[in-house]
Amino acid sequence: MNIAFTTQGPDLDSPMDPRLGRTRYLILLDDETGDIQTVDNTAIDDVSHGAGPRTVQKLVEMGAAVLLTGNGPGGNAAEVLEQTGIEIYVGAGEMTAKEALEAYKNGALKKHGGA
Amino acid sequence: MKIAIASGKGGTGKTTLATNLAAYMAESGSVVLADLDVEEPNSGLFVRGDLLVGETKYKMIPEWRGDTCEHCGNCQTVCNFNAVLSMADKVMIFPELCHGCYACSELCPTESLPMKRHPMGELKHFRAGQLDFVESRLVIGEEQAVPLIRQTLDYLSAGFSEDVPWILDSPPGTSCPVMEVVKDADLVILVTEPTPFGLHDLKLAVETVKHLDKSYAVVLNRFGIGDDGVLRYCEDESIDLVTRIPNSRAIAELYASGQLLYPVVPAVARAVADVADFIGNHLTGRRP
């Protein structure tokens, strides 16, 4: 399964970025093979509006099934995410990506929306 | 003649000046007052009249037709505002982000993005004696003030002669909505207060109107509080300081109860007369 992280740096030791749309990096982890794919999202700074949907689109292209993040999506990003079926877990904004992964596996992250 | 009442800082008294000035000037001739702070118009709290026109204003946004779309992604590529998202199996439109430029619609090879009307606000036109009052109010959730401001100015252009003074109550700040109001104005009155914050934002507002090559002058409201920074700035920069409105509890109480000030408060009557004279002189000075 592909698990995506919003992070401030390019590897799993990096602190999480609490923001979704304007996250610095997106990291995708295949938890079966351990393969990692990193996307530099910093160019989003040049986007004044609509950052959320653009970043979600990248998540879709990367093939994310689960997203671990901090604050959760804004209105526009949530609207796109609803169409994608990506599960979102929030509350990992103060962790590193590795810690967020552990928290997710232990069921310590809150699922956004739904039940 | 178009007179924009603007400010850098919010809450300095734009609406107070605009409504009192317009009502005062309407005692001796026709005046148009327009509240163009469409995100939170409040001139209407102080000006009452008979409703002549109430109409919905629309902007044009694309609507996706899934049956003909070939998912080429061109719509997203050409959109400068991230208002169109081309996903694998569908196209999503974000109406609040759309600037109505038609690019996605016109450049769609299969004409799958026809433009549709999208309500963005309500315009109301009231009349009270010689005062015509027009206000527009953005629908809650709409992000863009500029298209509604533009259409409201178009409404004024269609209905009123520019020989009549137009008092344009502007949004605060120095961003696009303010520029939209100020760029067509013949004179900009910048209202500020004698505080460090008032001075800081006045400087930004002065830079903005200078950049737009506008005639401008300053009205100092709540005079008596704060410091003399604004006075010194105006003196150093040779900026016309048209008048000062004193800080007063009586003014605040009248304002809070939705009343015009100049009929009751002599200091405000003098101040609006000063501004009206300044406008009159400015108008005379412009004509050979």
Side-chain angles (χ1 to χ4, degrees), chain A residues 1-4 6 17-26 28 30 37 39-67 69-88 112-114, chain B residues 39 59-67 69 71-105 112-113 118 120 138-149 173-180:
Chain A
M1 183 176 63
N2 286 329
I3 304 172
T6 57
D17 196 321
R19 302 167 301 176
L20 170 54
R22 295 189 181 279
T23 183
R24 306 282 80 198
Y25 291 86
L26 289 168
L28 191 75
D30 182 332
Q37 181 191 347
V39 171
D40 183 341
N41 196 46
T42 48
I44 204 77
D45 286 352
D46 298 333
V47 171
S48 56
H49 296 284
R54 283 309 269 272
T55 302
V56 171
Q57 190 175 37
K58 283 186 189 147
L59 284 169
V60 173
E61 286 165 5
M62 291 166 79
V66 170
L67 169 68
T69 184
N71 301 334
N76 286 339
E79 201 180 314
V80 185
L81 280 163
E82 267 174 34
Q83 309 284 331
T84 66
I86 298 175
E87 287 187 14
I88 310 149
H112 175 82
Chain B
E39 289 173 89
K59 67 177 183 180
M60 300 300 284
I61 62 157
E63 187 179 72
W64 180 60
R65 289 180 50 193
D67 52 339
C69 175
H71 306 283
C72 68
N74 198 43
C75 46
Q76 174 172 337
T77 309
V78 300
C79 181
N80 269 338
F81 307 102
N82 293 308
V84 187
L85 201 63
S86 175
M87 307 286 281
D89 57 350
K90 71 182 299 181
V91 170
M92 295 182 74
I93 312 285
F94 298 94
E96 316 80 47
L97 299 178
C98 176
H99 283 53
C101 76
Y102 283 67
C104 62
S105 184
S112 299
L113 288 164
H118 175 79
M120 65 170 169
L138 208 58
V139 167
I140 290 171
E142 286 296 314
E143 292 183 17
Q144 293 169 45
V146 170
L148 184 56
I149 292 172
T174 50
S175 61
C176 295
V178 181
M179 311 272 264
E180 190 64 31

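Letters A, B, ... are given to chains in the order of the sequence lines, protein chains preceding strands, and every chain is numbered from 1.
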Option passing side-chain contact (heavy atoms from CB on, under 4.5 Å) with B:His118 (candidates B:Val139, B:Ile93, B:Ile61):
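Exactly one candidate clears the test, B:Ile61.
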Of A:Leu67, A:Val66, A:Leu20, the residue whose pairing with A:Ile88 passes side-chain contact (heavy atoms from CB on, under 4.5 Å)
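It is A:Leu67, the one option of A:Leu67, A:Val66, A:Leu20 that forms the side-chain contact (heavy atoms from CB on, under 4.5 Å) with A:Ile88.
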So how far is it from B:Gln144 CD to B:Ile149 CD1, rounded to the nearest 0.5 Å?
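If we round to the nearest 0.5 Å, B:Gln144:CD and B:Ile149:CD1 are 11.0 Å apart.
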Measure the spacing between NE2 of B:His71 and NZ of B:Lys90 and express it to the nearest 0.5 Å.
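It is 10.5 Å, given to the nearest 0.5 Å.
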Quick one: side-chain hydrogen bond (donor to acceptor under 3.5 Å, both in side chains) partners of B:Glu39, sequence neighbours excluded?
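So B:Glu39 forms no side-chain hydrogen bond (donor to acceptor under 3.5 Å, both in side chains) with any residue.
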Measure [X] against the heavy atoms of chain B and call it side chain, backbone, both or neither at under 4.5 Å.
X	answer
A:Glu61	neither
A:Thr84	side chain
A:Val56	neither

Is B:Phe81 in contact with chain A via its backbone, its side chain, both, or neither, using a 4.5 Å heavy-atom distance?
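Contact with chain A is through the backbone of B:Phe81 alone.
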Chain A contacts, top residue of B:Asp89, B:Asn80, B:Leu97 (heavy-atom pairs, under 4.5 Å):
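Looking at each option in turn, the highest pair count goes to B:Leu97.
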When B:Glu143, B:Glu96, B:Met92, B:Met87 are compared by non-hydrogen pairs under 4.5 Å with chain A, the top option:
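Of B:Glu143, B:Glu96, B:Met92, B:Met87, B:Met92 has the most heavy-atom pairs under 4.5 Å with chain A.
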